[in-house]
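FYI, the numbering just counts along the sequence from 1.
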Amino acid sequence: GVEGVAADMSETFTQLGIAMIAAIAIVYFILVVTFGEGLAPFAILFSLPFAVIGSFVGLYLTDLTISVSVMMGLLMLIGIVVTNAIVLVDRIIHMEHDGMGMREAILEAGTTRLRPILMTAIATIGAMLPMALGNGGGGLVSQDLAVTVIGGLISSTALTLVIVPIVYEILSKMLKKNRKDERED
């Protein structure tokens with residue numbers, strides 16, 4: 001009956017919620033291992049909430065509700081958005097290691113990484129458009145997934161290029177202050 005379907009749905013949502021938390025945890029762990037520190041990964045994960053905001057705005061504008069395929073779309077977004085932020089932060093770190101000041105490194109990374117990040121986003125959005133417009137075969141399932149991914153990509157791409165560097169800079173300054181304090185003791 002209806003209760004059974006509702007129970008199945010809530011169980012699926014719970015599982016997908018857990019999958020998303022697990023995905024974020026795994027991504028963070030891998031980033032900490034590869035970057036060798038916690039600062040950059042934390043700045044990178046800051047891009048995720050903005051993906052969710054864009055997704056929900058997209059769903060609101062298209063009058064779609066949260067569904068299993070929306071959750072799947074959000075899982076896909078974790079991968080795409082984090083990749084963009086990694087590309088940016090990695091460049092900032094490389095430039096800093098080459099002796100650039102943090103501001104210069106951030107601006108340099110922003111300008112050199114802007115095109116590849118935008119191209120990835122635009123290509124993905126382009127690929128999802130037919131589904132979002134509802135012309136794709138799957139009907140409902142694919143439409144809300146596509147809207148989720150497109151909305152999330154638009155907001156997170158715009159905001160990743162601005163917010164992630166700012167968060168990275170603020171965190172770096174805070175951590176460097178702490179390190180200086182420790183040295184004086």
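- In the hydrophobic clustering of ILVMFWY residues, with side-chain heavy atoms under 4.5 Å counting as a link, Leu129 and Val70 come out together.
- Atom CG of residue Leu175 and atom CD1 of residue Ile170 lie 12.0 Å apart, to the nearest 0.5 angstrom.
- Side chain to side chain, Ser67 and Asp144 meet the donor-acceptor criterion of an N or O pair below 3.5 Å.
- The shortest non-hydrogen separation linking Ile150 to Ala132 is CD1-CB, 3.7 Å.
- Looking only at distances, no side-chain donor or acceptor of Gln143 sits under 3.5 Å from a matching main-chain atom of Met131.
- Residues Val89 and Leu171 fall within the same hydrophobic cluster, defined by Ile, Leu, Val, Met, Phe, Trp and Tyr side chains chained together at heavy-atom separations under 4.5 Å.
- For Ala85 against Val164, the heavy-atom pair with the smallest separation is CB-CG2, 4.3 Å.
- In this structure, the side chains of Asp90 and His94 come closer than 4.5 Å at one or more pairs of heavy atoms.
- A distance-only check finds a donor-acceptor pair linking the side chain of Ser55 to the backbone of Thr148 [under 3.5 Å].
- Annotation: the span from Leu153 atom CG to Leu77 atom CG amounts to 5.5 Å, rounded to 0.5 Å.
- Counted within 6.0 Å of CZ on Phe46, heavy atoms from surrounding residues, nucleotides or ligands total 12 or fewer; the atom is thus considered open.
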Exercise for the section: Kindly determine whether Ser172 and Leu39 satisfy side chain to side chain contact (heavy atoms under 4.5 Å, CB included), including the steps that lead there. Expected result: CA-CA 7 Å; Ser172 293; Leu39 167 71; 3.2 Å; yes

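- Contact annotation: the side chain of Leu59 never approaches that of Thr65 to less than 4.5 Å [non-hydrogen atoms, C-beta and beyond].
- Taking CD1 of Ile122 as the reference point, atom CD1 of Ile154 lies at 10.0 Å (rounded to 0.5 Å).
- Grouping the Ile, Leu, Val, Met, Phe, Trp and Tyr side chains by contacts below 4.5 angstrom, directly or via other members, places Leu114 with Leu88.
- For the pair Glu37/Ile93, a side-chain contact is recorded, criterion being any heavy-atom separation below 4.5 Å from C-beta on.
- The distance from atom CG of Leu161 to atom CD1 of Ile106, rounded to the nearest 0.5 Å, is 12.5 Å.
- Under a hydrophobic-cluster definition in which Ile, Leu, Val, Met, Phe, Trp and Tyr are linked whenever side-chain heavy atoms come within less than 4.5 Å, directly or via other members, Met100 and Ile92 are assigned to different clusters.
- Checking side-chain atoms of Ser155 against main-chain N and O of Gly54 turns up a donor-acceptor pair under 3.5 Å.
- The minimum heavy-atom distance linking Tyr28 with Pro41 is given by the pair CE1-CB, 3.5 Å.
- Hydrophobic cluster membership differs between Ile30 and Met20, with clusters built from Ile, Leu, Val, Met, Phe, Trp and Tyr side chains linked at under 4.5 angstrom.
- When every heavy atom of Leu159 is checked against every heavy atom of Phe50, the shortest pair comes out as CD1-CD2, 3.3 Å.
- A pairwise comparison of heavy atoms in Leu45 and Pro49 identifies O-CD, 3.5 Å as the closest pair.
- A donor-acceptor contact shorter than 3.5 Å links the side chain of Glu104 to the backbone of Gly101.
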Exercise for the section: Could you walk me through whether Glu169 and Arg103 pass the side chain to side chain contact (heavy atoms under 4.5 Å, CB included) test, one step at a time? Expected result: CA-CA 8 Å; Glu169 186 174 11; Arg103 255 309 140 74; 3.1 Å; yes

Exercise for the section: Evaluate side chain to side chain contact (heavy atoms under 4.5 Å, CB included) for Ile44 paired with Tyr168, printing each intermediate quantity in order. Expected result: CA-CA 8 Å; Ile44 288 167; Tyr168 178 75; over 6 Å; no

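- Under a 3.5 Å cut-off, the side chain of Thr34 and the backbone N or O of Leu31 do form a donor-acceptor pair.
- Glu11 contributes atom CD, which lies 11.0 Å from atom CG of Leu16 (distance to the nearest 0.5 angstrom).
- If you take OG1 on Thr124 and CE on Met76, they are separated by 8.0 Å, rounding to the nearest 0.5 Å.
- Summarising the geometry of Thr160 relative to Asn84, their closest heavy-atom pair is CG2-C, 4.5 Å, with the distance given to 0.1 Å.
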